[in-house]
Amino acid sequence: MKTSPSANELLEWYDRHARDLPWRVSPEDRRLGVVPDPYHVWLSEIMLQQTTVAAVKDYYIKFLSLWPRVEDLAAAPEEDVMKAWAGLGYYSRARNLKRCAETVADLHEGRFPETVSGLQALPGIGPYTAAAIAAIAFDQPAAVVDGNVERVMTRLYEITTPLPEAKPEIKAVMAALTPEARPGDFAQAVMDLGATLCTPKRPACSLCPWMAGCAARASGLAETLPRKAPKKTKPTRTGAAFVALRASDKAVMLRRRPPKGLLGGMSEVPGTEWTVEADEATFVHSAPLQDIGATLDWRPVTGVVRHTFTHFHLELTIFRAMVPDNAGLPENCWWSPPQDLPDEALPTVMRKAIDAAF
DNA sequence: GACCCGTGGTC
DNA sequence: TGACCAAGGGT
């Protein structure tokens with residue numbers, strides 16, 4: 001008769017195999033009494049939402065360097081936060097990060113709430129992040145469920161109900177398994193297990209501390225779980241982007257996108273809407289640069305810029321033109337010299353567009 | 001529940 | 001190349 005999985009089995013594995021991460025207090029240090037900084041835990045958890053550890057590391061270091069305390073982040077101009085976040089994606093996270101910092105600094109005297117419900121009331125903090133902060137920063141036995149936990153639990157208990165229908169059951173089994181002692185380490189242990197051994201493809205079951213009690217390992221279904229509803233295919237949208245270069249120094253004309261929606265609050269080069277059907281002739285005549293006091297000679301750049309967003313593919317045709325230094329600037333636009341471009345709040349797709357024009 | 005919201009790595 | 005995936009949240 002096989003033993004049912006226990007938290008201790010996994011915690012012992014975690015004590016030996018925990019990943020060394022910039023925002024993590026190692027199990028050894030925890031035993032020595034080192035306490036995680038809730039600000040660090042929160043910042044890392046927001047950055048890690050739907051984002052890989054490798055992509056987050058440098059941003060996390062940079063943010064802590066720029067804003068060591070939550071009060072510093074609360075006092076920072078939103079524009080600076082968007083610039084520092086540029087390239088990480090899901091930009092509403094950055095806006096909510098700033099709003100959350102302001103709330104904590106102003107309404108909570110710089111301290112994060114210590115309960116799941118109190119945390120989840122803050123902007124950008126949902127069920128997962130609230131549970132993660134409560135467990136990791138405040139030692140509360142909250143059931144932390146992310147994509148890793150979903151994968152591990154559906155396999156461990158052979159839950160064949162497809163996601164997201166299976167979420168309540170997953171939450172329940174995770175809650176039953178979460179120990180009163182070391183709940184934060186336990187949550188991180190399950191996530192480490194999912195990230196390193198219980199992977200989506202070709203899981204390393206032979207190395208797993210829970211192998212003996214894993215139902216999907218026994219039945220051979222491990223690699224087929226969790227089950228998910230099929231995803232829709234992404235449509236392709238097209239548009240044009242106009243890279244205006246100031247003659248003397250090749251500064252690029254930029255403008256701000258609207259505060260909400262796709263790439264909200266980020267900077268961009270002027271361009272057309274990204275409609276499903278649009279032709280190149282329309283693009284040229286729709287150039288929003290008619291009022292700068294000069295006739296511009298827009299030349300198409302060879303090769304189209306391709307970029308994929310969450311729910312559509314984009315094909316951007318790039319046009320470039322040199323602009324006399326004495327020309328005017330359209331409303332809400334500014335010139336950004338080449339040496340300033342790295343610090344602008346430019347999303348990746350816009351950096352691709354600008355690169356294509358140089 | 002459905003849809004929106006980025007990016008880079010992997011197979 | 002394309003689909004999938006990654007410490008999800010807001011509406």
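In what follows, chains are A, B, ... by sequence order, proteins preceding strands, each numbered from 1.
- Nucleotides of DNA chain B nearest to Pro164(A) and Phe309(A) differ in position, and the one nearer the 5' end is that of Pro164(A).
- In summary, the side chains of Arg99(A) and Asn96(A) do present a donor paired with an acceptor at a separation below 3.5 Å, with no hydrogens or angles considered.
- When every heavy atom of Ala142(A) is checked against every heavy atom of Ala135(A), the shortest pair comes out as O-CB, 4.4 Å.
- Using a 4.0 Å heavy-atom distance criterion, Gly264(A) is classed as making no nucleic acid contact.
- Ring geometry, Trp42(A) versus Phe112(A): the interplanar angle falls from 30° to 60°, so the pair is classed tilted.
- Atom name P, nucleotides dG9(C) and dG8(B): the rounded distance is 22 Å, in whole Å.
- Counting non-hydrogen atoms under 4.0 angstrom, Leu88(A) reaches a base of the nucleic acid.
- Of the P atoms belonging to dC3(B) and dC4(C), the separation is 16 Å, rounded to the nearest Å.
- Judged purely by distance below 3.5 Å, without hydrogens or angles, the side chains of Tyr128(A) and Glu45(A) pair a donor atom with an acceptor atom.
- Checked by atom type, the side-chain pair Gln49(A)/Thr129(A) shows a donor-acceptor distance below 3.5 Å.
- With 3.5 Å as the limit, one finds no donor-acceptor pair spanning the side chains of Ser267(A) and Glu344(A).
- Nucleotides dA7(C) and dC4(B), compared at atom P, are 24 Å apart to the nearest Å.
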What do the steps show when you test Phe312(A) against Phe309(A) for ring pair (Phe, Tyr, Trp, His ring centres under 6.0 Å), and what is the final call?
-> CA-CA 5 Å; Phe312(A) 65 92; Phe309(A) 292 96; 5.0 Å; yes
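- Using Watson-Crick or G-U wobble geometry with both donor-acceptor distances under 3.5 Å, dC3(B) finds its partner in dG10(C).
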Using a 4.0 Å heavy-atom cut-off, write out nucleotides 4-11 of chain C from 5' to 3' as B (base contacted by protein), S (sugar-phosphate only) or - (no contact).
-> -SBBBSS-
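- In this structure, CD1 in Ile354(A) is found 4.5 Å from CG in Leu346(A), a value given to the nearest 0.5 Å.
- In the 5' to 3' direction, nucleotides of DNA chain B lying under 4.0 Å from heavy atoms of chain A begin and end at dC3(B) to dG8(B).
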